[in-house]
Amino acid sequence: MSDYSIVRVGNEYIVQAGEKSILKVSSRRRAVKIMTLAADLLDQETVQQVEDSPSISRDPPIVPDPSELP
């Protein structure tokens with residue numbers, strides 16, 4: 001979550017991702033909650049991408065059907 005920050009501008013809070021402002025809210029507590037939820041979702045997405053990625057293990061050997069043998 002180090003890429004995210006909350007900046008106060010007047011009576012509002014701006015959630016930033018890196019240098020880019022992405023959300024403006026009126027409550028710091030709400031800004032923190034939204035930022036935490038977003039980070040959790042990104043972590044879940046990363047875990048899902050890792051689980052869906054190709055495995056580096058070999059495929060199991062294919063056992064031929066005995067009826068197809070010569």
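On a predicted model such as this, the values are computed, not experimentally measured, just so you know. Position 1 is the first residue of the sequence; numbering continues from there.
In the hydrophobic cluster analysis, where Ile, Leu, Val, Met, Phe, Trp and Tyr join through side-chain heavy atoms closer than 4.5 angstrom, I6 is grouped apart from I14. A continuous path of hydrophobic side-chain contacts links I22 to M35 [ILVMFWY only; heavy atoms under 4.5 Å].
Here OH of Y4 is found 10.5 Å from OG1 of T36. Values are rounded to the nearest 0.5 Å. Between S27 atom OG and K33 atom NZ the span is 10.0 Å, to the nearest 0.5 Å.
Side-chain atoms of V25 and I34, non-hydrogen and from C-beta on, do get closer than 4.5 Å to each other.
With sequence neighbours left out, the side chain to side chain contact (heavy atoms under 4.5 Å, CB included) criterion links R8 to N11, Y13. Applying the side chain to side chain contact (heavy atoms under 4.5 Å, CB included) criterion to E12, with sequence neighbours excluded, gives K24.
Scanning both residues, S21 and Q16, for their nearest heavy atoms gives OG-NE2, 3.4 Å.
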